[in-house]
2 protein chains.
Amino acid sequence: MKPEESTGDRLLAGAATLFRQKGYAGTTTRELSGLLGLQNASLYHHISGKEDILFRLCMGALEHVAEGIDQVMDPRLSPIDQLRALALRYTQIALEDRDRHATMLIEIRALSDARRTEVVEARDKNVRRVQDVIAAALSEGEIRQDIDVKYVTLALFNLLNWSIFWWRPDGEIEASELAEILWKVFADGAVTSRT
Amino acid sequence: MKPEESTGDRLLAGAATLFRQKGYAGTTTRELSGLLGLQNASLYHHISGKEDILFRLCMGALEHVAEGIDQVMDPRLSPIDQLRALALRYTQIALEDRDRHATMLIEIRALSDARRTEVVEARDKNVRRVQDVIAAALSEGEIRQDIDVKYVTLALFNLLNWSIFWWRPDGEIEASELAEILWKVFADGAVTSRT
DNA sequence: GTCTATACACAGATAGAC
DNA sequence: GTCTATCTGTGTATAGAC
């Protein structure tokens, strides 16, 4: 049922795979064109330059996350239940889109100032939406108050983001299972006795 | 009191900074020699090639961690207290040595097969020592038993490793403070009501 | 241990035909 | 939309003098 993928889409998907595996600077446009079965020059019909690919990948990954957040934000839920739904969905999106997502997280530094600023803003927008939900849950007494909201948020993203670098789609654990595990640790911790 | 740093040491420290900021492939040997006030060719008196720098940085970072683990492992402590000491020390070492540590975590992929294998083994050795302590704490009932030890360990490293990419030495929070926060979240979770 | 000079492979990108 | 051919800058690395 999947429609024929355009060359432009295959280009971005191929680039995401290569960029995650070998890094942006470590990937040559010739490797990319080779993967697509094209000549190097043919790439430039679809893109304006190598950096253009990276920029589109980053923005695409972040829009994908933003859509996921939209879908899962249910105002009928309590803040803490919203947060749980958000964390699970974010983990799953990040893992299933790991080529783009890992590239976005790591290779932002390779973008020009103007483009990097744009990507960072889009990323921070997503983070802020999560932080707002955490703040709402905190004001209802559902989140511990001895840690600044900012660091609660960062701890959550720590927990979720790093998984992208070791989780594999053909590994022993499904994305949804891992999402549940990470949420459990974030919510309740791993130690039984309170320390 | 710090002894005069040899050119070889300055080379490695400078490379770590550049590699973290711009990536391994994105850093040129000319930038490095420029930073040191040397000609490009002069580097090759100290190293056999660019990849040699990366390899030494990775191994150095991991040895540094291993020494930290040695220092903090006190057999008189209970497993859960050992784990706490371990987590705090690991966080602090990783943050204070973030140039080398971030490079090691991200740029392993750029090493040749043989060297990458060696680095991965050294890294896994450190991880295994932590996992062994978690397993010991678990068998004393101090760690929750509904998550496989393997994933408890990975969750801990998720939490600690990702901090390297946003924490800054001149920021608003000290490494030791952040270490405490992350341990709190790992140990007790961030949610007050049990979910 | 650092220098000058240079080799040479390969990168990203463009021109213009088909 | 893809091709062949090619430009030009820059990368890592070496040779050999000082």
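Letters A, B, ... are given to chains in the order of the sequence lines, protein chains preceding strands, and every chain is numbered from 1.
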Counting only side-chain N and O atoms of B/Arg30, is one of them less than 4.0 Å from OP1 or OP2 of D/dG11? yes

Using heavy atoms to find the nearest nucleotide of DNA chain D for A/His45 and B/Thr29 separately, return the residue whose nucleotide is more 5′. A/His45

Could you walk me through whether A/Leu95 and A/Leu160 pass side chain to side chain contact (heavy atoms under 4.5 Å, CB included), step by step? CA-CA 9 Å; A/Leu95 292 180; A/Leu160 307 185; over 6 Å; no

Check whether B/Gln92 reaches the backbone of B/Ala179 with its side chain - one donor and one acceptor, N or O, closer than 3.5 Å. no

Remember a base hit wins even if backbone is also touched, and classify B/Ser42 as base, sugar-phosphate or nothing at under 4.0 Å, heavy atoms. base

Length of the line joining A/Asn40:CG and D/dT4:P, which is rounded to integer Å: 12 Å

Those residues at least two apart in sequence (or on a different chain) that pass ring-ring contact (aromatic ring centres under 6.0 Å, His included) with B/Tyr90 are B/His101, B/Phe157

Where does the chain B footprint on DNA chain C start and end, counting 5' to 3' with a 4.0 Å heavy-atom cut-off? C/dG1 to C/dA5

So what does B/Ser6 touch, heavy atoms closer than 4.0 Å: a base, only the sugar-phosphate, or nothing? nothing

Establish, from distance only, whether the side-chain atoms of B/Arg109 and A/Gln21 form a donor-acceptor pair under 3.5 Å. no

d(NZ, B/Lys22; C1', D/dT10) in whole Å: 13 Å

Would you kindly give the NZ-to-P distance between B/Lys50 and D/dG11, to the nearest whole Å? 9 Å

Using a 6.0 Å cut-off, check whether atom CD of B/Glu177 has over 12 heavy atoms from anything other than its own residue. yes

Does one side chain, of B/Glu51 or B/Ser112, offer a donor that lies under 3.5 Å from an acceptor on the other? yes

Atom CD1 of B/Ile53 and atom P of D/dA13 are separated, to the nearest Å, by 9 Å

Any base atoms under 4.0 Å from B/Ser33, or only sugar-phosphate, or nothing? Heavy atoms, all strands. nothing

Toward the 5' end of DNA chain C, which comes first, B/Gln39 or A/Ala41, by nearest nucleotide? B/Gln39

